[in-house]
Structure formats: structure tokens, C-alpha cells
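In this chain, residues are counted from 1 in sequence order. Basis for what follows: all heavy atoms, side chains included, without hydrogens, waters or symmetry-related copies.
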Amino acid sequence: MVAVRTALLSVTDKTGLAEFASQLASAGVSLISTGGTARVLREAGLEVRDVAEVTGFPEMLGGRVKTLHPRIAGGILAVRSDAGHMAALAAHGIATIDLVAVNLYAFEKTAARESATFDELIENIDIGGPSLIRAAAKNYRDVAVVTDPADYGSVAAEVSAGGVSAGTRWRLAQKAFDVTAAYDRAISGTLAGLAEGQFPADAERDTPPRSLDIRVPRRQLLRYGENPHQRAALYSAGAGGVGGARQLHGKELSYNNLVDLDAAWELASEFSEPAVAIIKHTNPSGCAVSATLAEAYRLALSCDPVSAFGSVIAVSRPVDRETAREMSKLFVEAIAAPAFDRDALELLTRKKNLRLVEVSGADPAPALRSISGGYLVQSADVFRTSPDRFDAVTERSPTAAEVDALKFAWRVAKHIKSNAILYARDGHTVGVGAGQMSRVDAARLGASKAVLSLDGTVAASDAFFPFADGVEEIASHGATAVIQPGGSRRDPEVIAAANRLGLAMVLTGARHFRH
């Protein structure tokens, strides 16, 4: 136990400060503080000494220099069991400081403001704060360092009980080093994307960072990875999306569950209307939109009811009783939704092992993938097709019904592993050809997987047709319109084949490879 006789308090976030300081003072702790923090403490009726009184120097340079002084650093860093350290303190009249409570200038908050200037960023780079935190954390055996207002209550209780325990001091030091590391990463990452003097709002948002620095807390250990012999864990800052989801029911989520849930959630989130995505091994076995969630589910399931066994499902709206009743007829691994109403939960929780996950929306994040010897990073694929971006290149333009079906198919095709061909109609998938080595094979696979008739469907291709045979294969199964990026040197041959077969063909000018 380390008894606390003197505490240094210097915080930007004043949450809970007065109460914490009052508890320390009641335990006989002498308080030292700076500027605005000292003012808040005095307004709370507490006796506090200014740092300037301790150091013998006033705050300087507009507050840039306050705590950088041997009388402060020495009081924190001195090892109490080292006779030489203690003799040096005595020789220079320096008192020990036993507790340091510091949080830092709000650099990230400043950087997030649209109106923030370059100079404001520079002025919000804290110097003294990180130094105090590192010093106290380094000397954790003798000093307690508090960087999080959430720790005020427990620390004050220990101080009042006679001293801060070794376990608490070490836990606080670990958190403190996390705080300074995150702070330095935020500064480095923000400034790396700016030219000197540039406004943060003018920076290129999609430009890959000059260096890749990722630090996310481990949220949970997983039983294993893709296979039982692989170890795995989930890391998440809890800021929405599947990584920050709340599990309401069922067995522990597995690595594969989470990967499939993410694929399902991304697809369902493409649509503002009631939408259902049924995913098997990251590919949709069915997807649909409709006036009700229950009807969207029935349409999605009709695409491939066999593959849907053991699937993962995501929906764009809260699950209601009717949808839950339909879903409960099928063996499903997990369901992700923005919410589940009470009746839906009552029905679905009867299945002991069914995982129910509540997910809040999240903006598409940059994609990160590891390769041997390195990492690949790319911006999220957020390209969407709207009617005014359609470029009909065939003699026949698509009908209004075909345009709606093509729009739907193009959004879903984005979420199918390449090479991909998707058949769809009236807001639901009919056949999915995923992950083939040739595009014509993808067209054949999608047709072979279809349970419903393909007559009158439309087809979406995630990339251009290198030859006319893919279009010929699609037409042979009854599709009447095709959407594809274009860009092949054989586009004229492909378009000529579409004209010969009576197809309407639309080019988007952008592809949706998914590897």
C-alpha cells in the first residue's frame, strides 16, 4: 500500500473532478493544481496550491510551460526506497508527489471539428500532460497515476482506506501508457495527412496513411479461429457495426460467425427499405427487399433454401413477431438486426443455441488484409448505381421494371465473391454464381443454383465480360437485361451479342471485384 499525502491534479476534462478532489482532501491529501483545474477546485471550496507556488516560477508562454520543472518531475520520479534519490530531494527541498491525476488536451476533438485550423491543432498538442503521466506511470511502485475519471471513485476509496494497492497502481500505469500511446498516434496520424499549414477539413480523406498504425482493445477471446487448431480474438473499439454489436442470446459467437455476420450486415445495410441478407460462407445465398421484413425474408429464402440451412442472417429493420416466426422454421446460426421486438425475442430465444445480435449502423470502414510480409489497405467500396448513371449501350433500353431489378442486382453483386454473376427479379435474388475462375462458369453456376424460373430475370456481373460467351450463357437461361461495368477490349462483340439476343445492357463504368 502507498499512502497518498500529496496529489497533483491537472485535467482538461473536469468531469467528477471536484468530488474526487473533495474525497482526497477529506482523507488529508494536500492538493497541487494548475490554471483552470485550480480554479474549479477553489470554487468547490477546496484549499489548493498552484504549481507556480511549488516551482517558484509562474506559468509561461501562454500556458505552454507549467509543470515542466525539477520540483514537479523530481517529486514524481523519486524512488522512495532509493536513499540517493531521497537525499537529492532533501538537498533541493523537493517534496514527493504520491498521486497524479491528468488528462490531456482534446487534440482528437479539435481535429474532428470542421472549422479547426492547422494552428489550433498545433496548440492542442499537450506537452506537460504526457510527461506527467509517463513519469507517474514509470514510478508506479510509489505513485498512483489516474488518467480516467471513471477511476476516481475506486481510487479515492483506496486513498481513504489508507493507501493505493500495488495491483491498482500497476493497472492504472498500464492504462496511462495506453493513453499516451493513443494520444501520440492521434497526433501522428492526423498531421501525417496534412501539408504544413493546411486546414484539416481540406485533407484527402481516402488517401492511405503514410504508415499503418492500428491499436484496438481486445474485446473477447474466441474459442478458436476458422478452424479448431487456430487461436483467435475479437478486437473492437465498440463504435458500431458487427465489431461493437451486443449479443442478446445464444452460444458464444465464433470467428466464422463474426465474418459471416459482417458480410450479412454490410449487404443488408445497402438498403433503406426492409431487407434481408442470408449469408453462407460470406456469400449471399439469398437477398431481398419488400414492403415488410417477413416478406423480404420469404423471398430471400426462396432463392436457395437448401444453402440457407446453417446460415447467418442480417436484416435492415427491427425483427417483428411475423419475421421471427418465419425464421424460427429454419436452422440458423445467427441473426443480426438493429433490434428485436419483445414478441420476436420470445419466439427466437426458444432456440437455445441461436445467436441473436443487436447491431447499430456504422459507416463503411477501410478494408485491411494481411498478406505474407505485409498488409493491404483500401478504402471502402461505396460506389452505388442510380438511374441517371445508367448507360444503355444496346439497341433496346431496359424497361422501368428492369431498371429497378438491375439497381437491386448491382447492389447485391457487390457483396458476392468474384467472379460473380447474379440473377434477380422484383427486388430479390433468384440465382447466385459466386467465386468462379471464369465468368461463364459463374453464369452457369448461378443458373444451376436457381430454384425459381429465370425467365424474365436480370443479371449483374461484378466485372466486364471478356468474351461474348458469358452473355450468351445468361440469355440461354431466360434473363432479359444485364448490368456490367464494361471496359473490355471486346465490348463491341459483347454488345453485338446482346443485341442479337434481344438483351438490354447497361454499363456502370465501375466494377465490384470482391476477393
Side-chain angles (χ1 to χ4, degrees), residues 259-260 263 266-267 277-287 303-304 306-307 367 369 371 376 378 381 383 385 391 393-394 398 402 405-406 408-425 429-515:
V259 171
D260 283 339
E266 282 191 355
L267 176 49
I278 303 175
I279 296 293
K280 199 70 175 287
H281 301 296
T282 72
N283 280 305
S285 67
C287 180
C303 178
D304 190 351
V306 174
S307 296
R369 175 173 294 184
I371 59 173
L376 299 173
Q378 64 176 345
D381 181 4
F383 178 82
T385 299
D391 181 13
V393 292
T394 46
E402 286 172 334
L406 290 168
F408 169 81
W410 184 240
R411 286 190 179 183
V412 178
K414 184 173 100 174
H415 298 268
I416 303 172
K417 291 295 180 71
S418 299
N419 286 320
I421 296 290
L422 169 72
Y423 298 91
R425 72 155 64 85
T429 56
V430 180
V432 181
Q436 298 305 295
M437 282 66 77
S438 83
R439 198 153 297 278
V440 69
D441 282 344
R444 288 175 184 143
L445 176 61
S448 71
K449 295 285 288 179
V451 176
L452 305 173
S453 170
L454 292 177
D455 287 341
T457 58
V458 302
S461 175
D462 64 327
F464 64 64
F465 291 94
F467 303 99
D469 55 359
V471 171
E472 291 166 347
E473 184 69 29
I474 286 168
S476 73
H477 297 291
T480 61
V482 179
I483 185 168
Q484 58 122 335
S488 167
R489 65 187 181 87
R490 291 191 174 89
D491 274 353
E493 298 172 29
V494 173
I495 294 168
N499 285 326
R500 172 169 48 82
L501 296 165
L503 298 178
M505 180 173 286
V506 169
L507 303 186
T508 65
R511 74 183 187 197
H512 277 318
F513 267 163
R514 191 176 184 90
H515 283 69

Under the 3.5 angstrom rule, does the side chain of [X] hit a backbone N or O of [Y] as a donor-acceptor pair?
{"X": "Arg425", "Y": "Asp455", "answer": "yes"}
{"X": "Arg490", "Y": "Phe465", "answer": "no"}
{"X": "Lys280", "Y": "Ser307", "answer": "yes"}
{"X": "Ser418", "Y": "Ala420", "answer": "no"}
{"X": "Asp462", "Y": "Ala413", "answer": "no"}
{"X": "Ser488", "Y": "Phe464", "answer": "no"}

Approximate separation, where rounding is to 0.5 Å, of [X] [atom1] and [Y] [atom2]:
{"X": "Ile495", "Y": "Gln484", "atom1": "CD1", "atom2": "CD", "value": "7.5 Å"}
{"X": "Leu454", "Y": "Thr480", "atom1": "CG", "atom2": "OG1", "value": "11.0 Å"}
{"X": "Phe467", "Y": "Glu493", "atom1": "CZ", "atom2": "CD", "value": "8.5 Å"}
{"X": "Asn419", "Y": "Leu445", "atom1": "CG", "atom2": "CG", "value": "11.5 Å"}
{"X": "His415", "Y": "Leu422", "atom1": "NE2", "atom2": "CG", "value": "11.5 Å"}
{"X": "Glu472", "Y": "Arg500", "atom1": "CD", "atom2": "CZ", "value": "5.0 Å"}

Would you sort out whether Asp260 and Thr282 count as a side chain to side chain contact (heavy atoms under 4.5 Å, CB included), showing the intermediate values?
CA-CA 5 Å; Asp260 283 339; Thr282 72; 3.5 Å; yes

Stepwise side chain to side chain contact (heavy atoms under 4.5 Å, CB included) check, Arg444 with Gln436
CA-CA 10 Å; Arg444 288 175 184 143; Gln436 298 305 295; over 6 Å; no

Would you say the side chain of [Y] lies within less than 4.5 Å of the side chain of [X], judging by non-hydrogen atoms?
{"X": "Arg514", "Y": "Asp381", "result": "no"}
{"X": "Cys287", "Y": "Leu267", "result": "yes"}
{"X": "Leu376", "Y": "Ile371", "result": "yes"}

Shortest non-hydrogen contact from [X] toward [Y]:
{"X": "Ala481", "Y": "Leu503", "answer": "N-CD2, 4.2 Å"}
{"X": "Ala479", "Y": "Ile474", "answer": "CB-CG2, 3.4 Å"}
{"X": "Leu507", "Y": "Pro485", "answer": "CB-O, 3.9 Å"}
{"X": "Ala443", "Y": "Ile421", "answer": "N-CG1, 3.7 Å"}
{"X": "Ala463", "Y": "Arg511", "answer": "CA-CB, 4.2 Å"}
{"X": "Cys303", "Y": "Val451", "answer": "O-CG2, 3.7 Å"}

Under the side chain to side chain contact (heavy atoms under 4.5 Å, CB included) rule, what do Asn283 and Val432 come out as? Steps first, then yes or no, please.
CA-CA 9 Å; Asn283 280 305; Val432 181; 5.6 Å; no

Does atom NZ of Lys449 have more than 12 heavy-atom neighbours from other groups under 6.0 Å away?
no

Angle between ring planes, His477 versus Tyr423, binned at 30° and 60°: parallel, tilted or perpendicular?
perpendicular

